[in-house]
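In what follows, chains are A, B, ... by sequence order, proteins preceding strands, each numbered from 1.
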Amino acid sequence: MPELPEVETICGNLRGLLRGRRIIEVEVLERRLRNPVGENFALELQGRAVLDVERKGKYILVLLEGKMAWVSHLGMSGKLIYVDRERPRERHDHIIVRFDSGREVRYHDPRRFGLSVVMSVSALDRWPQIRDLGVDPFDHQFSSGYLYTVARTSRRRIVDILMDQKLVAGLGNIYANEILFRAGIRPTRRGWRIGRKSAMKIAHVTPKLLREAIHWRGTSFSDYRDGEDREGEFQNRLQVYNRDGKDCLICSSRIKKVRIGNRGAFYCPRCQK
DNA sequence: AAGCGGTCCTGTGTGC
DNA sequence: TGCACACAGGACCGCT
């Protein structure tokens, strides 16, 4: 669920709320996530203060004293919320991290596709899931040249290329579709058929779109909430995602949906070639 | 060997 | 109303 703008929103929230706070107690209620929650998870977090909160791709890194990092990925349905301790707990609250503020972070994930682990910062840098992440869309390396090179040597569909975390870190199905609409390119177009001009369009449009989405605090389709359990507003500004059958906001053609593998791809047959 | 499809899991929406 | 089924924002695994 949460893609770059949602994860960035959560990180921004938590950074302001958690920096300088100390972890008092940790409860693990469900260890069966994508990676099982480690035996020593609670012990390793206990007593440490938060230095900072960062995003890497779709991963949330809570950096702690003693060069440790608490790393979470929210999968499709995960939430990481900082709320009052008195607030009733909910089904699928899997991890509770209590702070010296009287509030607690809750890791909540009905589908359990996400993960939450603690490791040293040096181990984190060597961890394949982080180490192998591609270019961040806000990095200067995310250029038309990079996209052109990556695309031209691939037979895959461009939407799949954009969602490949080893090539570009942070994009998922919603934003990949929205980017391609703004760039005027069909999601089904094969990488090797992307020209220099199209690569420039994608490079130009991507950071702009993501900044807008962050400004609106992300897309709340159903599950997603920010770091204090509030909905985002970008769902009201999506132009193609989940709008199949509706009118294109630019040319009024009917938005189409096709299946690419196991997921939907949305596009305007007139605006996107 | 890159690229695709199936799979993990629960909740929600749709259609009969 | 109730039931069965399809589908969902991610990412890994294994097959071809």
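Listed by residue number, the members of residues 220-238 of chain A with any heavy atom below 4.0 angstrom from DNA chain B form an empty set.
Counting non-hydrogen atoms under 4.0 angstrom, A:Q165 reaches the backbone sugars and phosphates but no base. Contact annotation for A:T219: base contact, defined as any heavy-atom pair under 4.0 Å involving a base atom. Looking at heavy-atom distances under 4.0 Å, A:R32 makes no contact with the nucleic acid at all. As judged by a 4.0 angstrom heavy-atom cut-off over every strand, A:N262 is placed among the base-contacting residues. Counting any heavy atom pair closer than 4.0 Å across all strands shown, A:R263 reaches a base atom. Heavy atoms of A:K257 sit under 4.0 angstrom from primed sugar atoms or phosphate atoms, though from no base atom. As judged by a 4.0 angstrom heavy-atom cut-off over every strand, A:P110 is placed among residues touching the sugar-phosphate backbone only.
When all heavy atoms are compared, the tightest approach of A:F138 to A:R55 is CD1-NH2, 4.0 Å.
Classified by interplanar angle (parallel below 30°, tilted 30° to 60°, perpendicular above 60°), the ring pair A:Y107/A:H94 is tilted.
By the 5.5 angstrom centroid cut-off and the 30-degree plane limit, A:F113 is classified as not stacked against the base of C:dA11.
The pair A:D52-A:R19 meets the salt-bridge criterion, since a charged nitrogen lies less than 4.0 angstrom from a carboxylate oxygen. Under a 4.0 Å N-O distance rule, the pair A:D229/A:K79 qualifies as a salt bridge. Ion pairing between a basic and an acidic side chain is recognised when a charged N comes within 4.0 Å of a carboxylate O; A:E104 and A:R89 show such pairing. A salt bridge links A:R225 with A:E231: the closest approach of a Lys/Arg side-chain nitrogen to an acidic carboxylate oxygen falls below 4.0 angstrom. Between A:R103 and A:E228, at least one side-chain nitrogen of the basic residue sits less than 4.0 Å from a carboxylate oxygen of the acidic one, meeting the salt-bridge criterion.
Within 3.5 Å, a donor on the side chain of A:R111 pairs with an acceptor on the base of C:dA8, or the reverse.
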Q: Would you sort out whether A:Y241 and A:F221 count as a ring-ring contact (aromatic ring centres under 6.0 Å, His included), showing the intermediate values?
A: CA-CA 10 Å; A:Y241 185 82; A:F221 219 62; 5.6 Å; yes
Q.
One pair to check against side-chain contact (heavy atoms from CB on, under 4.5 Å): A:L209 and A:R182. What are the steps and the verdict?
A. CA-CA 9 Å; A:L209 171 75; A:R182 293 197 183 192; 3.3 Å; yes
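Applying the side-chain hydrogen bond (donor to acceptor under 3.5 Å, both in side chains) criterion to A:Y148, with sequence neighbours excluded, gives no partner residue. For A:D160, the side-chain hydrogen bond (donor to acceptor under 3.5 Å, both in side chains) test picks out no residue, with sequence neighbours left out.
A gap of 24 Å separates the P atoms of B:dC9 and C:dC3, to the nearest Å. For the P atoms, the distance linking B:dA1 with C:dA11 amounts to 25 Å, nearest Å.
Pairs of Watson-Crick or G-U wobble type, with distances under 3.5 Å, assemble into runs of 3 or more in DNA chain B at these ranges: B:2-8 with C:10-16, B:10-16 with C:2-8.
Between the side chains of A:W192 and A:S154, not a single donor N or O lies within less than 3.5 Å of an accepting N or O. Between A:S198 and A:R189, the side chains place a donor N or O and an acceptor N or O closer than 3.5 Å (distance only, hydrogens not considered).
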Identify each atom pair where a protein N or O and an N or O of nucleotides 4-6 of chain C are less than 3.5 Å apart, giving names and distance.
none

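Residues A:Y146 and A:L4 share a hydrophobic cluster, clusters being chains of Ile/Leu/Val/Met/Phe/Trp/Tyr side chains in contact below 4.5 Å.
Counting 5' to 3', DNA chain B first comes under 4.0 angstrom of a heavy atom of chain A and last does so at the ends given by B:dG3 to B:dG11.
Taking atom CG of residue A:N242 and atom C1' of nucleotide C:dC7, one finds them 11 Å apart after rounding to whole Å.
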